[in-house]
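Read the structure below first, then the notes.
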Amino acid sequence: MTSVELADNVFWVGAVDWNVRDFHGYETRRGTTYNAYLITDDNTVLVDTVKFPFRTILTENIQEIVSLEDLDYVIANHVEMDHSSSLRYIMQHASNATVVSSRRGKDGLTKYYGENDWNFQIVKTGHELKLGSRTLQFVEAPMLHWPDSMFTYVKEDRILMPNDAFGQHLATSQRFDDEVDQNVLMDEAAKYYANILMPYAALIIRKIEEVTKLGVEPEVIAPSHGVIWRSNPGKIVDSYLGWSRGKTENKAVIVYDTMWRSTERMAYAISDGITRHGIEVRLFQMRRSDFSEVMKEILDAKAVIVGSPTLNSSMFPTISSFLNYAAGLRPKGKIWASFGSYGWGGGAVRAINNGLKESKFDVLEPSLQIQYAPTREEQQKCMEFGGKIAERMMS
Ligand code: FEO
């Protein structure tokens with residue numbers, strides 16, 4: 001691995017993690033990168049570090065250009081450990097450097113890495129740092145991704161370094177958006193948004209407006225994960241605005257689990273009932289599906305239909321876990337519906353609906369339940385149920 005220059009004297013010096021498959025529960029089937037950037041001017045600046053096991057790669061990439069002792073500033077845009085856990089190592093070798101962060105950034109770094117004798121410079125939105133021929137401008141961005149998060153903007157080069165925002169968990173040997181498959185790129189960008197940033201949709205819209213008012217008009221967006229948007233930064237900004245405003249496709253997602261295939265047969269029949277109206281449907285049996293991948297599919301779906309057999313008077317554990325995960329991500333503007341099978345007593349559909357309503361999701365009722373296995377007539381009822389969902393989607 002080696003450093004890559006993205007503008008005169010502005011370098012990517014991060015690390016590619018090809019093999020990570022579980023990023024705190026998020027399935028990263030294509031790995032990820034931890035992007036750090038080096039700017040050399042009258043002052044030399046490192047923007048963010050990398051996850052601790054990759055500190056040697058970061059160091060070697062920096063040392064292709066300068067020695068660690070030459071660093072004047074280390075910008076810590078975000079405290080989370082994938083970006084900060086090499087900071088202590090870097091600071092042990094960069095004895096002249098000042099750590100630049102938000103106030104909450106300093107608090108978080110101190111809590112994680114202990115009291116230390118680092119020079120800190122606390123910055124707020126609008127503060128600038130003159131490096132020589134270049135100026136860094138800072139924008140606080142709380143909750144994108146943590147309360148401490150901030151963006152760094154290289155004014156003269158018009159490069160925005162927004163840390164987690166606009167990222168993708170995508171390991172590649174290429175560093176730029178125009179060098180990779182566009183479908184893969186947007187698939188990973190959508191999955192990243194759905195699983196990391198979706199709860200903050202309103203904040204994202206406001207932050208993009210605020211940044212624009214501050215005169216930040218980036219030609220390049222260099223996030224902390226994945227490739228750098230140099231050819232078409234507007235593409236990811238527009239996508240974020242669309243996702244944050246709840247833009248959907250003509251698509252429904254059915255998430256279900258099954259014991260003896262009764263609920264599964266219902267799911268297939270409901271799917272047929274929706275598909276007849278020209279609407280795409282995607283089905284996921286949750287015992288075999290990754291939650292983060294399903295959330296990506298829900299991101300632009302108009303309807304989400306949740307099915308479960310009754311187990312011990314409630315829903316199946318995979319469905320309960322998934323609803324808990326989805327509730328935290330707060331997808332907005334979807335039509336939700338539920339269905340399920342039972343042997344006696346029932347309870348799954350009631351439990352699903354209670355969960356959906358607690359999350360303040362818009363639930364289409366009545367739900368559909370059948371006992372034991374669906375008869376031919378009951379399969380027809382499932383198709384009609386799907387038809388009602390489709391009509392609501394089209395209304
Ligand atoms: Fe990539 Fe919130 O850390």
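Both counts, for ligands and for their atoms, begin at 1 and track the order of listing. The model shown is predicted, which means the values in this text are computed figures rather than measured ones.
Under the side chain to side chain contact (heavy atoms under 4.5 Å, CB included) criterion, E80 pairs with H24, H78, D82, H145, W146, D164, sequence neighbours left out. With sequence neighbours left out, N43 forms a side chain to side chain contact (heavy atoms under 4.5 Å, CB included) with D72, Y73, L131.
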Would you mind writing out the side-chain donor-acceptor pairs for residues 321-330 within the sub-3.5 Å range, not counting sequence neighbours?
from: S321; atom 1: OG; to: P317; atom 2: O; distance (Å): 3.1
from: Y325; atom 1: OH; to: N195; atom 2: OD1; distance (Å): 2.6
from: R330; atom 1: NH2; to: P199; atom 2: O; distance (Å): 3.0

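Of all protein N/O/S atoms, those lying under 2.8 Å from atom 1 (Fe) of ligand 1 come to 4.
Salt bridge absent: D362 and K332 never bring a charged side-chain N and a carboxylate O closer than 4.0 Å. Salt bridge status for K296 with E188: absent, with no side-chain N to carboxylate O gap under 4.0 Å.
Residues V216 and F151 are members of one and the same hydrophobic cluster, defined by side-chain heavy-atom contacts under 4.5 angstrom among Ile, Leu, Val, Met, Phe, Trp and Tyr.
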